[in-house]
Amino acid sequence: MPAPGKNTRPIVIMGPTASGKSALALEIAKECGGEIISADSRQVYKFLSAGTAKPQGVWTDTPDGLLYLVDGIPCHLTDILDPRASYDAVSFVSRAHKAATEITERNRTPVFAGGTGMYIQSYWNGLDDMPEGNPAIREKLQDEINRNGHRYLHARLERIDPAAAAKIPPGNTHRLIRALEVHELTGKPISSFWTSQYFAVLPTHEADFLIIEWDKDVLSDRIRERTALIFDDMVEETKALLAEGYPADCPALKSLGYPQALDFISNSADRAESIHKIVTLTRAYAKRQMTWLKRYKNVPRIRLAKPEDWNPKRIARTIL
RNA sequence: GCCGCGGUAGCUCAGUGGUAGAGCAAUGGUCUGAAAAACCAUGUGUCGUUAGUUCGAUCCUAACCCGCGGCA
């Protein structure tokens, strides 16, 4: 056990999918006596492992409670959620705060690892105080879109909240619905909740942040190799979930790649097609993640150009 | 060898006698309780080759090359 009073300043590892952030976070946790908090919207789910690149661990009874241990390192917010359950940024933030508090009380270092930029953003910069999502209102608004089109609802937003309407494209139905939902719940325009300076930087005085950047072609190769390697396991996981009675449209099975596994299982796509489709989707996802991370101009980056540059143990030692 | 069909963007294909377009991919971007979500913007071209007809050909004609199918 680490000595009391030791530095427990959090470490936050970010990067696109297949960048190796989980492996790096694990090495860092081993080096500094830390525990991992997964900032990942998919690795939370039970039974989805291959397709989410969930670090393989074992649920273990410890003096600190029942924990998911990977190589002996506790990984929080991993493998905890029923595939039918939904998860969101606020749920992540409150669970992560609880985990971070407990880790710090044990005099250990919280090591965040995550590719879900919005979760990291929400945790470190906070979310403005708005009401939580309301499934009934969302469903009603979605029905209106299905009947009248999204432009019809966007015109309504234009009337009640021109500032928000200017920022939310009519086709972005998720954000459009959210804006109208907040208005219905509070009677106030969503833009009145927004504060400025929300997206520019991360609070580097509170934690050590690090972004992993790969040469795009090398990351692309890593994605291709990983997808070929995990595809059969994804198919098995998907079959097992269906056999257990989980619906094909449950939140977990909407994770990237699983719809393609479902297509393969139902014979509407062959193996090569399915893998190719997953690789394409994963690359596009990695690109979106990198675009998101570009905003954090005050965060240090580690740039990896060649496959040989990848040595998590060594990188962990150099940054600690 | 003969007959038929085809050759246009990275891929699948549409199209017009006045030098071209859609989807996907690609590239850049957006992001406040679904974020592995949902969106926005932007190209890309010797229109198989050569010759002919024409003021003008990617489009019509011919030959040739390549691919696919059928017949031998």
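Order of the sequence lines fixes the chain letters, A, B, ..., with proteins taken first and strands second; residue numbering starts at 1 for each chain.
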Query raised in the report: Quick one: Gln260(A) CD to A36(B) P, roughly how many Å, whole number?
Result: 15 Å
**Report entry** Test: Glu102(A) and Lys98(A) ion pair at under 4.0 Å
**Finding:** yes
Query raised in the report: Reading RNA chain B 5' to 3', how would its secondary structure be written in dot-bracket notation, given Watson-Crick and G-U pairs with both distances under 3.5 Å, brackets [ ] for crossing pairs and | for partners on other strands?
Result: (((((((..((((....[..)))).(((((.......))))).....(((((..]....)))))))))))).
Query raised in the report: Could you state the CD1-C1' distance from Ile190(A) to C31(B), rounded to the nearest angstrom?
Result: 12 Å
Query raised in the report: Hey, which of these two, Arg288(A) or Arg138(A), hits RNA chain B nearer its 5' end, going by closest nucleotide?
Result: Arg138(A)
Query raised in the report: Nearest-Å distance, CG (Asn172(A)) to P (C31(B))?
Result: 11 Å
Requested in this report: Within residues 162-170 of chain A, find the residues that approach RNA chain B with a heavy atom at under 4.0 Å, and present them sorted by residue number.
Outcome: Pro169(A)
Report summary line: Whole-Å distance, Glu181(A) CD to A38(B) P, equals 17 Å
Report summary line: Side-chain atoms of Thr280(A) come closest, of A26(B), A35(B), A38(B), to A26(B)
Report task. Describe the nucleic acid contact of Tyr119(A) in one word from base, sugar-phosphate, nothing, applying a heavy-atom distance below 4.0 Å. Result -> sugar-phosphate
Report summary line: Met118(A) atom CE is separated from A34(B) atom P, nearest whole Å, by 7 Å
Requested in this report: Measure from the side chain of Thr116(A), starting at C-beta and using heavy atoms only, and say which of A35(B), G28(B), A34(B) lies closest.
Outcome: A35(B)
Query raised in the report: Counting any heavy atom closer than 4.0 Å, what does Lys216(A) reach on the DNA or RNA strands: base, sugar-phosphate only, or nothing?
Result: sugar-phosphate
Query raised in the report: What are the residues of residues 290-307 of chain A, sorted by number, that bring a heavy atom to within less than 4.0 Å of RNA chain B?
Result: Thr291(A), Trp292(A), Lys294(A), Arg295(A)
Report summary line: Which of A36(B), A38(B), G33(B) is nearest the side chain of Thr173(A)? It is A38(B)
Report task. Using a strict 4.0 Å threshold on nitrogen-to-oxygen distance, state whether Asp79(A) and Lys54(A) make a salt bridge. Result -> yes
Requested in this report: State, without any angle test, whether Gln56(A) and Tyr68(A) hold a side-chain donor-acceptor pair at a distance under 3.5 Å.
Outcome: no
Query raised in the report: Taking the side chain of Glu132(A) as its heavy atoms from C-beta onward, which of A34(B), G33(B), A37(B) lies nearest to it?
Result: G33(B)
Report summary line: Between Gly171(A) and Ser255(A), whichever has its closest RNA chain B nucleotide further toward 5' is Ser255(A)
Query raised in the report: Taking C-beta and beyond as the side chain, do His183(A) and Lys188(A) meet within less than 4.5 Å on heavy atoms?
Result: no
Query raised in the report: Cation over ring, Arg295(A) on Trp292(A), under 6.0 Å and within 45°?
Result: yes
